[in-house]
Protein chains: 2
Amino acid sequence: MYRIGQLAKQYQINADTLRYYEKNGLLVPSSRSDSGYRFYSDDDAKQLRFILRAKSVGFSLIEIQELLNIDNNRAQWACKDVKGMVEAKADVIQTKINELIQFRDSLQGLAKACCGGPESAEHCSILDALEESA
Amino acid sequence: MYRIGQLAKQYQINADTLRYYEKNGLLVPSSRSDSGYRFYSDDDAKQLRFILRAKSVGFSLIEIQELLNIDNNRAQWACKDVKGMVEAKADVIQTKINELIQFRDSLQGLAKACCGGPESAEHCSILDALEESA
DNA sequence: ATAAACCTTAGGGTTGGGTCTAAGGTCAAC
DNA sequence: GTTGACCTTAGACCCAACCCTAAGGTTTAT
Ligand SMILES: [Zn+2]
Ligand SMILES: [Zn+2]
Ligand SMILES: [Zn+2]
Ligand SMILES: [Zn+2]
């Protein structure tokens, strides 16, 4: 049994974050002391590790909730469902990557055309390009 | 001279967005009618195009403000400064891309190990991996 | 017995880039 | 002379994922 501060310290997060996870149904401590202090069991800690690991691979808290639901009712779900979620998430991330690559390339294209010298920017091709009427 | 609704329509944005840009010093209409209506000149429209173009290559509104400052005082800045900003931004974006690539690869690693079949997820390797104690 | 460290709650604040509402003023057309 | 489209303002609300504060209760160590 861990109190909130102990668990938070162990996983390098803020106690407020644990309360936040509880409020959002991600991690409800399995018991409370007579005075109301939260008590987290080893299973609770395991679930926290699940949450942190899912977060680290890019899932949002809402998505993690879905994953937890599945994990806690594995019999009612198929591998297909789980794999589908993961692949869908990978696709979303890929789309984001493609967008950012476009941004990066646009910026690099701008930078390449600029002399980068110490003289006045009155002739700067970057600013000209941004001003340019499409 | 365009009223706010006309300019918004022309550039497919919300009139509120133009007021928001004004509040944040990005685009102050060059005049007002006697009754207080905003009037945007062709130069204002040009500046809006600058803003939208800079946004489209991934600059934040704060960064766009800096770019506008530079653009409006070109003589006081050097190409070096402008190019430096653009390159710094490209670096930040590259860092984000690298992060997302890691997420994507993690997810693809998980998906690859899962059979993806229609049977129960009780043996699902994805859920197991997320549960695994590190 | 008291101080320090920890816990509780409700509720407000942050960031970024807006969107929406309420309550009212203006302007052209029919 | 009134409808309807447009405009004004201040201020609230949205998203995510928390962080912080106030006012008070609990535990532990000395
Ligand atoms: Zn130059
Ligand atoms: Zn230049
Ligand atoms: Zn399977
Ligand atoms: Zn599986």
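So you know, we letter chains A, B, ... as the sequences are listed, proteins then strands, and number each from 1.
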Practice item. Pick base, sugar-phosphate or nothing for A/R19, based on heavy-atom distances below 4.0 Å to the nucleic acid. Key: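 Here A/R19 touches the bases of the nucleic acid.
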What I'd like to find out is whether the side chain of [X] reaches to under 4.5 Å of the side chain of [Y], using heavy atoms alone.
X	Y	value
A/I93	A/K89	yes
A/Y20	A/L26	no
B/R3	B/R38	no

Review point. Does the pair A/R19/A/D16 count as a salt bridge with the N-to-O cut at 4.0 Å?
Key: yes
Between [atom2] on [N] and [atom1] on [X], what's the gap in Å once rounded to a whole number?
X	N	atom1	atom2	result
A/I4	D/dG25	CD1	C1'	16 Å
A/R38	D/dT27	CZ	C1'	17 Å
A/D34	D/dT27	CG	C1'	13 Å
B/F39	D/dC6	CZ	P	15 Å

Check your understanding: Roughly how far, to the nearest 0.5 Å, is OH of B/Y21 from CD1 of B/I51?
Key -> 7.0 Å
Practice item. Could you tell me the separation between the NZ atom of A/K83 and the NZ atom of B/K112, rounded to the nearest 0.5 Å? Key: 10.0 Å
Check your understanding: Taking 5' to 3' order, which nucleotide of DNA chain C is first and which is last to have an atom within less than 4.0 Å of a heavy atom in chain B?
Key ->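 First and last nucleotides in contact are C/dG17 to C/dC27.
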Point to revise | A/Q102, CD: over 12 other non-hydrogen atoms inside 6.0 angstrom | key: no
Check your understanding: Which letter, B, S or -, goes with each nucleotide of nucleotides 10-20 of chain D from 5' to 3', with contact meaning a protein heavy atom under 4.0 Å?
Key -> ------SBBSB
Point to revise | Residue met sooner reading DNA chain C from 5', once A/R3 and B/Y37 are mapped to nucleotides | key: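 Counting from the 5' end, the first nearest nucleotide belongs to A/R3.
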Exercise for review: May I ask you to check whether B/Y2 and B/D44 show a side-chain donor-acceptor distance below 3.5 Å?
Suggested key: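 Judged by distance alone, the side chains do not pair up.
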